[in-house]
> 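This is the structure I have questions about; it appears just below.
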Amino acid sequence: MTQLMWFRQDLRIQDNSALWHATQAGQCIAFVALSPKQWQQHNDAPIKIDFYLRQLESLKDSLAQKNIPLIIKKIDEWQDIPHYLEQLTKELDIEHIYANAELGIHEQQRDQAVKNLKLFQDRTLFPVKSIRNKSNEPYKVFTPFKKACYERLHHDVPSCYPSIEKQAKIDCHIQSDALDQKDYQHKQAHWNVTEEHAHQLLNTFIQDDVKDYNKERDFPAYAGTSQLSAYLNIGILSARQCLNALFAPYDGQMHFKHDGEQTWLDELLWREFYQHVLYDFPKVSKHLPFKDETKKLKWENNEKDFKAWSEGQTGIPIVDAGMRQLLSTGWMHNRVRMICAMFLTKNLLVDWRKGEQFFMQHLIDGDLAANNGGWQWSASTGTDSVPYFRIFNPITQSERFDPKGDYIKKWIPELKQLDEKQIHDPYSKNANAHLDYPKPICDLKKTRQRALEAFKSL
Ligand SMILES: Cc1cc2nc3c(=O)[nH]c(=O)nc-3n(C[C@H](O)[C@H](O)[C@H](O)COP(=O)(O)OP(=O)(O)OC[C@H]3O[C@@H](n4cnc5c(N)ncnc54)[C@H](O)[C@@H]3O)c2cc1C
């Protein structure tokens, strides 16, 4: 019998649960729906869509080498997909549709309406609902969640699926639609696609960089992190593949020779944690804070402040450098994401949902679970988030994590001439009045106090 493999956020042929199972069950035809309206409703960034479409081309080639035809259909909104699939399965005499589960609410609703769908758990290392505390409830705090994952990993590291076989040629008369890629091209879309490329990045990171990851990961001027988030997000790489590459030097068993290896695993587990939170607490899909009491928080939501922040013109160099890195490349270093998010939500008292949306509209790795988790962590509204009284001072953060100002200089050429003492806070002590760079839009001490009071009053 013929099976239909429906690709979504899993654009790879290696280690793909649903694809592997589909090919075991018979001849396989692949399908992808392109849904521009839905992408817009979900605030997907043009740079992310461009990345997706380019990878889709590469996936089509990889599938063709296995004699699996790929049908690409433009179906603007997800609600119309179930009906289309019903017709398609009749026309092609399909036995089952195979897909990997997605964890957001809209995704689940879409899938529930699809007949004959077999779903596989592939986006996470461990199936959702499988990591539970002693009361059989989901974890709300990262550290015990991580411990539970460690126990599982000590026992058994989830292995990757074998490569799929080349199948006999199969006829498929369905014409694919084309989508105008030009609509999404980002001027600096330098992120290369293909599974091979993602594996090269992963292997180079594991060979050369992971051992010092714990020391270098917080310094945005170094390329000390893997930069694999965009690949993990649309599934060019799986989390299992990352784990297996990490433990490959130890015969695939969980073992660490360097602290950096363990720290990197912990970051993969943060990703895992937020995916499980998204599934277990659907309210985070509905623009609601995890902590109910923070619903009442009185945000200032000053439009001018938000505009300055979103354009990298706040007069706080580390914040502006981060925002300009995001606008220019579609990616921002994690330490700087936290600084920018905390500055917006605490110093400017702008609602975290506005920042979350803006990030989503610009990130190449924009992912509902991780983005929501990161924003709610920074805004102190989330599960296991930073306590509201621990407000980062962006100048101190800058001095600590960009001590020479190299990162700032890269993204703010206006400040290139300043030395490492002045660059973090150019106008302190009434210096540098001549600079073509904005004065700080707020007083950090006063706004810190304002945020503390707003949270205390809850
Ligand atoms: C406000 C805010 C928004 C964020 N939005 C996103 C987002 O939309 N998509 C996204 O993938 N990550 C997001 N993150 C998490 C993190 O910043 C990125 O995953 C990381 O910077 C990606 O760089 P990397 O691939 O070099 O990560 P590495 O440091 O090499 O880490 C390896 C992988 O672990 C995962 N990871 C690392 N840190 C985190 C984390 N704190 N939370 C969840 N997963 C993590 C990512 O998949 C990453 O690729 C956000 C963080 C904050 C504070």
Side-chain angles (χ1 to χ4, degrees), residues 187-188 215-225 299-350 354-355 358-359 362-363 378-379 386 389-454:
K187 63 180 186 311
Q188 286 209 17
K215 292 179 221 143
E216 295 186 347
R217 62 187 280 257
D218 270 319
F219 296 88
Y222 301 136
T225 69
W299 302 103
E300 287 286 322
N301 285 336
N302 178 314
E303 277 305 322
K304 258 169 109 184
D305 283 352
F306 181 71
K307 186 167 184 290
W309 175 84
S310 59
E311 291 172 355
Q313 298 287 347
T314 67
I316 308 291
I318 191 76
V319 172
D320 293 341
M323 295 306 292
R324 294 185 196 188
Q325 181 182 29
L326 173 65
L327 295 175
S328 176
T329 66
W331 189 84
M332 194 197 295
H333 188 278
N334 180 59
R335 168 64 45 184
V336 192
R337 289 188 205 205
M338 292 194 285
I339 297 171
C340 290
M342 181 114 33
F343 179 74
L344 184 77
T345 55
K346 302 288 171 54
N347 294 95
L348 300 183
L349 262 188
V350 169
K354 291 192 72 167
F358 187 85
F359 265 34
H362 292 87
L363 279 171
S378 310
V386 65
F389 46 82
R390 262 189 53 209
I391 299 180
F392 286 2
N393 177 323
I395 310 286
T396 322
Q397 289 279 315
S398 180
E399 288 164 348
R400 190 161 158 210
F401 295 113
D402 189 27
K404 294 209 162 83
D406 293 334
Y407 177 74
I408 294 177
K409 285 182 188 171
K410 174 156 189 202
W411 296 107
I412 313 183
E414 304 95 290
L415 302 180
K416 251 195 169 128
Q417 309 306 327
L418 299 189
D419 64 28
E420 58 192 68
K421 282 204 178 118
Q422 295 189 51
I423 196 156
H424 308 284
D425 191 6
Y427 299 114
S428 69
K429 299 178 190 143
N430 295 327
N432 298 315
H434 62 282
L435 285 173
D436 181 20
Y437 177 70
K439 302 262 168 4
I441 58 169
C442 68
D443 178 308
L444 293 176
K445 265 193 190 155
K446 283 188 194 151
T447 51
R448 176 178 186 279
Q449 201 51 40
R450 181 177 66 174
L452 288 176
E453 280 158 20

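When reading the values below, keep in mind they use all heavy atoms of this one structure, side chains included, and skip hydrogens, waters and symmetry mates.
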> Can you find a heavy atom in the side chain of Trp411 that is under 4.5 Å from one in the side chain of Thr329?
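Yes - at least one pair of side-chain heavy atoms lies under 4.5 Å apart.
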> Any non-hydrogen side-chain atom of Leu326 less than 4.5 Å from a side-chain atom of Trp331?
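No - every pair of side-chain heavy atoms lies 4.5 Å or more apart.
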> Should the pair Lys307-Glu303 be classified as a salt bridge under the 4.0 Å nitrogen-to-oxygen rule?
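So Lys307 does not pair with Glu303 through a salt bridge.
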> Sequence neighbours excluded, which residues qualify as ring pair (Phe, Tyr, Trp, His ring centres under 6.0 Å) partners of Phe401?
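For Phe401, the residues satisfying ring pair (Phe, Tyr, Trp, His ring centres under 6.0 Å) (neighbours in sequence not counted) are Phe219.
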> Taking all heavy atoms of Leu327 and all of Ser310, pick out the closest pair and write down the distance.
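In this case the closest contact between Leu327 and Ser310 is CD1-O, 3.4 Å.
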> Looking at NZ of Lys346 and CZ of Phe389, how far apart are the two atoms once the value is rounded to the nearest 0.5 Å?
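Lys346 atom NZ to Phe389 atom CZ measures 10.0 Å (nearest 0.5 Å).
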> Is there a side-chain contact between Asn301 and Lys354 (heavy atoms, below 4.5 Å)?
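When only atoms from C-beta onward are counted, Lys354 and Asn301 do touch, with a gap below 4.5 Å.
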> Report yes if the side chains of Tyr222 and Arg217 come closer than 4.5 Å at any heavy-atom pair, otherwise no.
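No, every pair of side-chain atoms sits at 4.5 Å or beyond.
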> Using ring pair (Phe, Tyr, Trp, His ring centres under 6.0 Å) as the criterion, list what pairs up with Phe306, not counting sequence neighbours.
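Counting only residues at least two positions away or on another chain, Phe306 forms a ring pair (Phe, Tyr, Trp, His ring centres under 6.0 Å) with Trp309.
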> Does the pair Met332 and Ile339 meet the rule for a side chain to side chain contact (heavy atoms under 4.5 Å, CB included), with working shown?
CA-CA 11 Å; Met332 194 197 295; Ile339 297 171; over 6 Å; no
> Are Ser398 and Pro317 close enough that some pair of their side-chain heavy atoms sits under 4.5 Å apart?
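No, too far: nothing below the 4.5 Å cut-off.
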> Counting only heavy atoms not in Asp419 (residues, nucleotides, ligands), do more than 12 fall under 6.0 Å from its CG?
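Result for CG/Asp419: enclosed.
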> Leu348 versus Ile441: any side-chain heavy-atom pair under 4.5 Å?
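Leu348 reaches Ile441 side chain to side chain.
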> Give the intermediate values and the outcome of side chain to side chain contact (heavy atoms under 4.5 Å, CB included) for residues Asp305 and Cys442.
CA-CA 9 Å; Asp305 283 352; Cys442 68; over 6 Å; no
> Would you indicate whether the side-chain heavy atoms of Arg335 and Phe392 approach each other to under 4.5 Å?
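Result yes, sub-4.5 Å side-chain heavy-atom pair found.
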> Side chain to side chain contact (heavy atoms under 4.5 Å, CB included) between Met323 and Glu311: does it pass, once the steps are laid out?
CA-CA 7 Å; Met323 295 306 292; Glu311 291 172 355; over 6 Å; no
> Got more than 12 heavy atoms from elsewhere within 6.0 Å of NZ, Lys439?
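Yes - once you tally the heavy atoms of other residues, nucleotides and ligands closer than 6.0 Å, there are more than 12.
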> Under the criterion side chain to side chain contact (heavy atoms under 4.5 Å, CB included), which of Leu418, Leu415, Ile318, Ile395 is the partner of His424?
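That would be Ile395.
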> Between Glu414 and Arg324, is there a salt bridge with N-O shorter than 4.0 Å?
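Judged by the 4.0 Å cut-off on N to carboxylate O distance, Arg324 and Glu414 do form a salt bridge.
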> So, does Arg450 use its side chain to make a donor-acceptor pair with the main chain of Asn347 at under 3.5 Å?
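Here the side-chain-to-backbone pair exists.
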> Asp320 and Tyr437: side-chain donor and acceptor closer than 3.5 Å?
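Result is yes, a qualifying pair exists.
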> Side chain to side chain contact (heavy atoms under 4.5 Å, CB included), that's the test. Do Val350 and Trp299 meet it? Break it down for me.
CA-CA 6 Å; Val350 169; Trp299 302 103; 5.8 Å; no
